[in-house]
Amino acid sequence: MTHAAPGPRTASGRPGTIRLFSERAHGVARLAVPVVLGLVYGYWAAANARHGGPVTGGNILFGFVTALVFAVLCAALLSVAPKLPREVHAALWGAFSGIAVGFLVNQSDTSVLRSAALGVAAAAFVFVFAFYRYYTHEDAKGHRIE
């Protein structure tokens, strides 16, 4: 005797997705994740910029401005990039991560060539990883299949 295949389980009302948390929790996470990542990145950049010296007001300001820029760019990328084709989506994440790594390395008193090389390497790695992930999670028309 044949039976119908079970339909996708949804908790959010969206077909084909399994959500462990409520829509409210996902809304809070859309804001909290870039802010937390920005604060960690800003602290890291400020620590690299002071080279083990004392914490100054300028160093704290530099850390908060860096955190703000990182958080805003990360939030913008999280909201805009999924609407783009997979190639552009992966390229944006690669560029963002390469610039972020290159900036961090540049703050630690290394040569510009080293920071550029590490930034390009990080960008290439993230691009390949993201492209593979988006390519394997989309159908032929570019629609997501989660």
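Computed from a predicted structure; not experimentally measured. Nothing fancy with the numbering, it's 1 onward along the sequence.
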Contact summary for [X] and [Y], nearest pair of heavy atoms:
X    : Y    : value
N106 : S115 : N-CB, 3.7 Å
P82  : H89  : CA-CE1, 3.6 Å
P34  : R30  : CD-O, 3.2 Å
W93  : A81  : NE1-CB, 4.2 Å
A67  : G38  : CB-O, 3.0 Å

### Query
Rounded to the nearest 0.5 Å, how far does OG1 of T136 lie from CZ of R86?
9.5 Å
### Task
Rounded to the nearest 0.5 Å, what's the gap from OG on S97 to CZ on F125? Could you check?
9.5 Å
### Query
Hey, does the side chain of N59 reach the backbone of A46 with a donor-acceptor pair shorter than 3.5 angstrom?
yes
Applying the 4.5 Å side-chain criterion to the ILVMFWY set and letting contacts propagate, would [X] and [Y] be lumped into a single cluster?
X    : Y    : value
Y134 : V126 : yes
F129 : V101 : no
L77  : V88  : yes
V69  : V33  : yes
L31  : V36  : no

### Task
Check the pair T66, Y43 against side-chain contact (heavy atoms from CB on, under 4.5 Å), reporting the backbone distance first and the verdict last.
CA-CA 8 Å; T66 303; Y43 173 76; over 6 Å; no
### Task
Could you check if a side-chain atom of D109 sits within less than 4.5 angstrom of a side-chain atom of H51, using non-hydrogen atoms only?
yes
### Pairwise side-chain contact, F96 with F70, heavy-atom cut-off 4.5 Å (strictly under)
yes
### Query
Going by the angle between their ring planes, with limits at 30° and 60°, are F62 and F103 parallel, tilted or perpendicular?
tilted
